Amino acid sequence: MSACATLAVPTEVSAADASKIIIMVGGITKMIYLPAKLTEQLGYFKDEGLDVELQSQPAGVDAENELLAGAVQAVVGFYDHSIDLQSKGKEVTAIVVFGQVPGEAEMVATKSAGTIKSMADVKGKTLGVTGLGSSTNFLTQYLAAKHGISSTQYSVLPVGADNTFIAAIKQGRIDAGMTTEPTISQLLKTGEASVLVDMRTVEGTVKALGGLYPASSLYVQRSWLNTHKAEAIKLARAFNKTLKYIKTHDATDIASKMPKDYQGKDKVLYVQAMQNSLPMFSADGRMPVGGPETVLQVLAGFNPNVKGKHIDLSKTYTNEFIPQNK
């Protein structure tokens with residue numbers, strides 16, 4: 001659906017609706033976006049006097065489109081979208097950073113593991129991403145380009161996340177693909193795929209991308225931010241409390257706070273996936289030093305929108321709403 005079509009909604013908004021903040025999450029059950037649902041479950045939005053509704057889209061690029069159309073006030077998605085959008089003349093700012101690293105892994109299907117030993121071997125292969133124009137798409141292109149393989153030398157297939165990603169691996173529709181927890185742990189448990197590139201930890205991300213890659217974040221349009229600073233402060237404070245909660249509780253405790261349907265039928269696997277994900281999260285929501293520069297370097301390496309363009313990184317994020325550490 002085009003942005004213009006999405007805008008065709010009634011303009012009459014009641015006073016009650018006007019105060020509601022709709023946050024679109026690029027796949028709400030993904031561990032990389034854990035702070036969104038966890039903040040709701042812990043009651044921190046309500047503690048701040050906020051009326052927040054969480055919605056979900058399977059790919060971050062779809063969530064981004066909803067934001068640009070004005071259908072939602074904020075997105076929980078990857079920070080790199082704010083750089084990509086600035087190159088297209090759109091002003092979007094991350095106000096809380098959840099993940100210091102992508103929290104993703106390139107998984108290779110077991111039946112293709114014999115021919116794909118690294119990203120240097122993806123020529124002629126089909127690679128799965130959550131959606132075209134998504135962060136998984138960006139990172140896939142970058143990792144292949146690092147090995148001298150252009151995006152014309154392999155196929156990209158949007159397969160979503162969770163069960164649809166697993167089905168694509170099982171059915172042989174993709175040879176490899178980029179996904180997140182708990183999908184990674186599920187595939188490892190069944191033996192249907194193995195990790196080719198691991199960006200769930202700081203060490204693995206620095207090895208793959210050359211530095212910290214701030215990823216999952218809360219971003220808003222700058223025009224909204226300029227007129228809703230009070231709400232931005234409350235949102236940042238709520239998420240800051242959640243990130244502190246994550247750093248002071250173990251995976252079992254955190255998992256117990258999540259809805260039962262998020263845990264699926266295998267609670268032990270869910271807790272393991274949670275444990276694998278915890279190192280990615282920021283302690284306070286601040287943008288890590290040097291992070292934006294790494295993201296820009298990655299995008300400029302292959303993204304024609306960004307390559308050669310002047311990007312003002314200071315407009316792509318702000319730490320001003322994060323509470324000062326006491």
Side-chain angles (χ1 to χ4, degrees), residues 21 23 25-54 73-79 82 93-104 180-182 199-205 212-220 225 228-259 262-263 270-292 316-326:
I21 297 173
I23 301 176
V25 186
I28 201 163
T29 58
K30 296 175 187 175
M31 292 279 183
I32 53 172
Y33 300 142
L34 170 73
K37 192 66 177 180
L38 184 58
T39 302
E40 181 182 78
Q41 294 291 106
L42 292 170
Y44 292 161
F45 291 135
K46 286 186 177 173
D47 289 351
E48 294 294 336
L50 293 169
D51 179 10
V52 171
E53 178 185 335
L54 298 176
Q73 285 70 52
V75 165
V76 169
F78 266 35
Y79 161 68
S82 63
T93 303
I95 60 173
V96 186
V97 174
F98 303 152
Q100 312 172 76
V101 298
E104 296 174 328
T180 60
E181 293 286 10
M199 295 178 288
R200 291 175 293 176
T201 65
V202 168
E203 182 185 14
T205 299
L212 287 180
Y213 192 97
S216 57
S217 64
L218 179 76
Y219 63 79
V220 298
L225 189 58
H228 294 80
K229 295 207 168 182
E231 290 90 337
I233 289 169
K234 291 175 181 179
L235 284 169
R237 199 156 51 207
F239 283 121
N240 173 264
K241 284 160 70 177
T242 299
L243 291 167
K244 286 181 176 174
Y245 182 94
I246 289 171
K247 290 299 179 187
T248 53
H249 291 75
D250 64 24
T252 304
D253 285 338
I254 298 167
S256 71
K257 297 293 183 186
M258 300 302 286
Y262 279 51
Q263 300 175 21
Y270 185 79
V271 171
Q272 181 58 55
M274 182 80 73
Q275 185 63 44
N276 294 340
S277 300
L278 295 184
M280 82 175 78
F281 293 112
S282 162
D284 56 15
R286 293 179 181 280
M287 176 64 75
V289 174
T316 62
Y317 73 93
T318 179
N319 289 324
E320 71 174 291
F321 302 109
I322 303 290
Q324 295 297 315
N325 292 330
K326 292 177 183 176

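Keep in mind that what you see is a predicted model, and the values were worked out from it rather than measured.
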Notebook entry, point to check: Shortest non-hydrogen contact from Lys244 to Ala283?
Noted result: CG-O, 3.8 Å

Check: How many angstroms lie between CG in Leu218 and CD1 in Ile95, if you round to the nearest 0.5 Å?
Finding: 4.5 Å

Next item on the list: Nearest 0.5 Å please: distance from the CD1 atom of Ile246 over to the CZ atom of Phe281.
Entry: 5.0 Å

Note to self: Among residues at least two apart in sequence or on other chains, which ones pass salt bridge (charged side-chain N to carboxylate O under 4.0 Å, His left out) with Lys241?
What the structure shows: Asp47

Note to self: For Ala94 versus Tyr79, what's the shortest heavy-atom pair and its separation?
What the structure shows: CB-CD1, 4.0 Å

Margin query: Apply side chain to side chain contact (heavy atoms under 4.5 Å, CB included) to residues Val202 and Leu212 and explain how you reach the verdict.
Written below: CA-CA 7 Å; Val202 168; Leu212 287 180; 3.8 Å; yes

Notebook entry, point to check: Can you name the closest pair of heavy atoms from Ala251 and Val271 and give their distance?
Noted result: CB-O, 3.7 Å

Notebook entry, point to check: Is it the case that more than 12 heavy atoms not belonging to Glu203 sit under 6.0 Å from its CD atom?
Noted result: no

Note to self: Within the structure provided, determine whether Lys37 and Tyr262 are in side-chain contact (heavy-atom separation under 4.5 Å).
What the structure shows: yes

Notebook entry, point to check: Hey, which of Leu34, Ile23, Thr242 is the one that makes side chain to side chain contact (heavy atoms under 4.5 Å, CB included) with Thr39?
Noted result: Thr242

Item checked: For the student: nearest non-hydrogen atoms of Lys257 and Leu38, plus distance -> CB-CD1, 3.8 Å

Note to self: One pair to check against side chain to side chain contact (heavy atoms under 4.5 Å, CB included): His249 and Ile254. What are the steps and the verdict?
What the structure shows: CA-CA 7 Å; His249 291 75; Ile254 298 167; 4.1 Å; yes

Note to self: Just so I know, are the side chains of Leu235 and Val96 near enough to count as touching, which here means a heavy-atom distance under 4.5 Å?
What the structure shows: no

Notebook entry, point to check: So Tyr44 and Tyr245, would you call those rings parallel, tilted or perpendicular, with 30° and 60° as cut-offs?
Noted result: perpendicular

Item checked: Set of residues satisfying side chain to side chain contact (heavy atoms under 4.5 Å, CB included) with respect to Ser256, sequence neighbours excluded -> none

Next item on the list: List the steps and the verdict of side chain to side chain contact (heavy atoms under 4.5 Å, CB included) for Phe98 and Met280.
Entry: CA-CA 8 Å; Phe98 303 152; Met280 82 175 78; over 6 Å; no

Notebook entry, point to check: If you draw a 6.0 Å radius around NZ in Lys247, do more than 12 non-hydrogen atoms from other residues or ligands fall strictly inside?
Noted result: yes

Check: Which value, rounded to the nearest 0.5 Å, describes the distance between Lys30 atom NZ and Thr180 atom OG1?
Finding: 5.5 Å

Notebook entry, point to check: Is any side-chain N of the basic residue among Glu231 and Lys234 closer than 4.0 Å to the acidic one's carboxylate O?
Noted result: no

Check: How long is the span from the CD1 atom in Ile32 to the CZ atom in Arg200, to the nearest 0.5 Å?
Finding: 12.5 Å

Next item on the list: Provide the closest heavy-atom pair for Pro279 versus Gln100 in the form atom of the first, atom of the second, distance.
Entry: O-NE2, 3.7 Å

Item checked: Close side-chain approach of Glu181 and Met274, heavy atoms under 4.5 Å -> no

Note to self: I need the Asp250 CG to Gln275 CD distance, nearest 0.5 Å.
What the structure shows: 7.5 Å

Next item on the list: Could you tell me whether the side chain of Thr316 and the main chain of Ser82 form a donor-acceptor pair under 3.5 Å?
Entry: no

Item checked: Atom pair CE (Met258) and CD (Glu40), whose distance is rounded to the nearest 0.5 Å -> 9.0 Å

Notebook entry, point to check: Under 3.5 Å, is there a donor-acceptor pair between the side chain of Gln263 and the main chain of Tyr270?
Noted result: no

Checklist line | Closest approach of Arg286 to Val97 (non-hydrogen atoms, all atoms of both residues) | finding: O-CB, 3.9 Å

Margin query: Can you tell me how the ring of Phe78 sits relative to the ring of Tyr33, calling it parallel under 30°, perpendicular over 60° and tilted otherwise?
Written below: perpendicular

